[in-house]
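First the structure, in the form of structure tokens, and then the observations on it.
FYI, the numbering just counts along the sequence from 1. Read the numbers this way: they start at 1 and go in the same order the structure lists the ligands and their atoms.
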Amino acid sequence: MKRHLILVGLPGAGKSTVGRLVAASLGTPIQDVDALIEERLGISIKEIFASRGEAEFRELERAETVQLLLDPPAVIVPGGGWAAQPGNLESVVGKALTVYLATSPSTALARVGDVDTRPLLAGDDRAARFESLLAAREPYYERCDVTVPTDGRTVGEIAREVIELALECE
Ligand code: S3P
């Protein structure tokens, strides 16, 4: 892989699972931006949101991703909000292939794992939360280089399509 590959999409889109399959198949490292931030600060994403606020978290994830782009090509998996911050997608043009894993709110809700670790999904009406997150983010997500639909597909199928796309842009 000559360029980085960045996976974008709602929590529950399958970014981490698909990313691991793609990275293993392409023999490239996988970089989980949330995990790197947690490691760097020694506290969880939930704690960062609580003690420092979302704006500071967004700055941390922006800076972490910029740093990763300086390393050899990798599969980079930022959290679902990264691509929806103005300027972030634009900053990786020419350096990374951005792939939007498009997922309906109901599928994302059904697939998402641990909601307790995801501060933006806190609250009772999670279905409505996913709807509003997607409504706000879709205009950004759609600016990715390519869109891969994920509803009704297995992670293997999704990963295969992403691998083909990564190889095509060699
Ligand atoms: C967020 C998604 C999370 C994490 C943080 C904020 C978001 O990552 O970065 O809780 O804004 O959608 P996942 O997309 O891996 O859940």
**Item:** Intermediate values then yes/no, side chain to side chain contact (heavy atoms under 4.5 Å, CB included), Val92 and Trp82
**Value:** CA-CA 12 Å; Val92 304; Trp82 172 83; 3.9 Å; yes
Evaluate [X] for polar contact with ligand 1, using N/O atom pairs at a separation under 3.5 Å.
{"X": "Ser16", "result": "no"}
{"X": "Thr117", "result": "no"}
{"X": "Arg137", "result": "yes"}
{"X": "Leu10", "result": "no"}

Give the contacting part of [X] toward ligand 1: side chain, backbone, both or neither, where contact means a heavy-atom distance below 4.0 Å.
{"X": "Phe57", "value": "side chain"}
{"X": "Arg58", "value": "side chain"}
{"X": "Lys15", "value": "side chain"}
{"X": "Glu54", "value": "neither"}

Starting from [atom], locate the nearest protein heavy atom and write down its residue, its atom name and how far away it is, to 0.1 Å.
{"atom": "atom 16 (O) of ligand 1", "result": "Arg118 NE, 2.5 Å"}
{"atom": "atom 3 (C) of ligand 1", "result": "Asp34 OD2, 3.6 Å"}
{"atom": "atom 10 (O) of ligand 1", "result": "Pro119 CD, 3.6 Å"}
{"atom": "atom 5 (C) of ligand 1", "result": "Ile45 CG2, 3.9 Å"}
{"atom": "atom 2 (C) of ligand 1", "result": "Gly80 N, 3.5 Å"}

Any side-chain heavy-atom pair from [X] and [Y] closer than 4.5 angstrom?
{"X": "Arg118", "Y": "Phe49", "answer": "no"}
{"X": "Ile6", "Y": "Leu89", "answer": "no"}
{"X": "Arg58", "Y": "Arg62", "answer": "no"}

**Closest heavy-atom pair and its distance - Pro73, Pro29** =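 Pro73 and Pro29 have their closest heavy atoms at O-CD, 3.7 Å.
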**Message:** Within the 4.0 Å heavy-atom shell around Gly81, which atoms of ligand 1 are there?
**Reply:**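 Those atoms are 7 (C), 11 (O), 12 (O).
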**Message:** Closer than 4.0 Å to some heavy atom of Leu120 - which atoms of ligand 1 meet that?
**Reply:**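 Counting atoms of ligand 1 from 1, those under 4.0 Å from Leu120 are 7 (C), 11 (O).
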**Message:** Under the side-chain contact (heavy atoms from CB on, under 4.5 Å) test against Leu60, which residue among Leu41, Val33, Leu36 passes?
**Reply:**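 When side-chain contact (heavy atoms from CB on, under 4.5 Å) is applied between Leu60 and each of Leu41, Val33, Leu36, only Leu41 qualifies.
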**Prompt:** In a check of side-chain hydrogen bond (donor to acceptor under 3.5 Å, both in side chains) between Thr150 and each of Glu161, Glu157, Arg111, which one passes?
**Reply:**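 It is Arg111; the other options fail the test.
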**Request:** Is it possible for you to say whether Val77 and Leu121 belong to one hydrophobic cluster, with membership spreading through side-chain heavy-atom contacts below 4.5 Å?
**Result:**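 Shared cluster, no.
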**Asked** Can you check whether Glu47's main-chain N or O pairs, donor with acceptor, with Ser51's side chain at less than 3.5 Å?
**Response**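 Yes: the side chain of Ser51 pairs with the backbone of Glu47.
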**Message:** Does Arg137 qualify as a cation-pi partner of Tyr140, given the criterion of NZ or CZ under 6.0 Å from the six-membered ring centre and within 45 degrees of its axis?
**Reply:**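 Ring-cation test returns no.
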